[in-house]
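What follows is a set of notes on a single structure, which appears directly below.
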Amino acid sequence: MNIYDIAISFVPSLGPKGAAHLVECFGSAEAVYAATADEMVRRAELNERIARAIAAGAGMREAEREADYCRRNGITPVGVSDGDYPSLMRLTPDHPAVLYVCGNTAALRRQALAFVGTRNMSAYGQSMCRSLIEGLVQLYPEAAIVSGLAFGIDAAAHRAALDAGMTTVAVIANALPRVTPPAHERLAAQIAAAGGAIVTEISSQSPQNGRMYIPRNRLIAAMSAATVVVESPTSGGSLTTAACADGYSRTVMAVPGRATDMRSGGTNALIRNRRAALVTSAEDIAAELAWDLGAAPAEPQRERLPLTDDERRLLELFGDGPAAAEELQQLSGLAAGELSLLLMNLELSGAVRRLPGKRYERI
């Protein structure tokens, strides 16, 4: 761990996005502190007052105090420059400069999949959560299940992962070593003992005002390849996590529920509005993520429709990964209506498939 990763998180008025931008410009937090204020203003377009504060060592005293606190409480700081820092989280524009971890930091290197949902879960939601995770451990045992240690679906996901022998990571909204809710202290200890981790971005010096749950939700989405919403009403933290995942261009999936069940109002809306892919099994999840599960049974090949010249030209604009509709419109110069028609025809022809978040992938 580099002390500068902790220090930059304590710079007043900088914030995670500002810190991430500075580190990107200079290559590391240590290089930021080695730069002059003028260099920070010129290269990173940083506010001059903040630049001069960093050049004068802002945050270093607090970082030393925090490092000592971590040593005394068995907490491991994982800076953005460390190998155990989640690789997917590093790609987001507002990733924290440092994570504080109890447990196995190597758990953060695993391919992660987030499971979130309502605190007021039903027996159906609990059963589906367990069924999906039990299926995933058979298909992809090296994955890690990420959730927020809250009551309801979060705790159900952690427990299902533990029972299945799967690594799980809990992201909390307070400083370690305490966990919230206190009723889940034993669950947190079980997660750490089983090779998982308890993670937070909040230091011991941060105000504990209960306002960190929404920022916490972005971390769940940021470290995960996809987010599965098992059960959610039309408002709540799990939908915030899904929105964060969509904003990071990550896959969002949702388990459908009864039309009359308010606890599934949010998940059904995500599916209806094409903000999430409908999943009912571990195989559905693996297919959405395009995980390599070995040879699949041969399926009948349907005849593909021939492409027009316009469709071929649009298809050539696709890169190796998914492309957003806005990006395709800019590259092609097509009107929105014309682009939508071509994309629909490409879907029907089997040349592309639509992903959540108005993204398309060439097949």
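One is the number of the first residue; the rest follow in order along the sequence. Every value quoted in this text rests on a predicted model; they were computed, and no experiment measured them.
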Check whether the side chains of Thr240 and Asn217 place a donor and an acceptor atom closer than 3.5 Å, and report yes or no.
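Asn217 and Thr240 do not have a side-chain donor-acceptor pair below 3.5 Å.
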Any chance you could lay out the side-chain contact (heavy atoms from CB on, under 4.5 Å) test for Leu22 and Tyr33, step after step, and finish with the verdict?
CA-CA 10 Å; Leu22 271 176; Tyr33 276 92; over 6 Å; no
Residues two or more places apart in sequence or in another chain: which of them pass side-chain hydrogen bond (donor to acceptor under 3.5 Å, both in side chains) with Gln126?
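side-chain hydrogen bond (donor to acceptor under 3.5 Å, both in side chains) list for Gln126, sorted by chain: empty.
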For Leu346 and Leu307, run side-chain contact (heavy atoms from CB on, under 4.5 Å): C-alpha distance rounded to whole Å, both residues' side-chain angles, the deciding distance at 0.1 Å, then the answer.
CA-CA 8 Å; Leu346 287 173; Leu307 301 183; 3.8 Å; yes
Step by step, work out the side-chain contact (heavy atoms from CB on, under 4.5 Å) result for Asn174 and Thr200.
CA-CA 7 Å; Asn174 61 271; Thr200 186; 5.8 Å; no
Which of parallel (below 30°), tilted (30 to 60°) and perpendicular (above 60°) describes His95 and Tyr85?
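Answer is perpendicular, since the angle exceeds 60°.
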Would you say CD1 of Ile214 has more than 12 non-hydrogen atoms from neighbouring residues, nucleotides or ligands within 6.0 angstrom?
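Not more than 12 within 6.0 Å, no.
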In terms of heavy-atom contacts, does CZ of Arg119 have more than 12 from other residues, nucleotides or ligands at under 6.0 Å?
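It does not: Arg119 CZ has 12 such atoms or fewer within range.
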Give a yes or no on whether a salt bridge exists between Arg312 and Glu316, defined as a side-chain N under 4.0 angstrom from a carboxylate O.
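Not counted as a salt bridge, because no side-chain N and carboxylate O are separated by less than 4.0 Å.
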Side chains of [X] and [Y] in contact at under 4.5 Å (non-hydrogen atoms):
X	Y	result
Phe151	Met121	no
Gln205	Glu66	yes
Gln111	Leu88	yes
Pro96	Arg218	yes

Begin with the C-alpha distance, continue with both residues' side-chain angles, and end with the deciding distance and a verdict on side-chain hydrogen bond (donor to acceptor under 3.5 Å, both in side chains) for Ser206 and Ser203.
CA-CA 5 Å; Ser206 300; Ser203 74; 3.0 Å; yes
Among all residues two or more places apart in sequence or in another chain, which pass the side chain to side chain contact (heavy atoms under 4.5 Å, CB included) test with Pro256?
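Result, side chain to side chain contact (heavy atoms under 4.5 Å, CB included) vs Pro256: Asn268, Ile271, Leu278, Thr280.
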What about Val169 and Tyr248, same hydrophobic cluster or not, with Ile/Leu/Val/Met/Phe/Trp/Tyr joined at side-chain heavy-atom distances under 4.5 Å?
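They do not share one cluster, since no chain of ILVMFWY contacts under 4.5 Å joins Val169 to Tyr248.
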Taking all atoms of both residues into account, what is the closest heavy-atom pair of Glu311 and Leu342, and its distance?
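It is CG-CD2, 3.7 Å.
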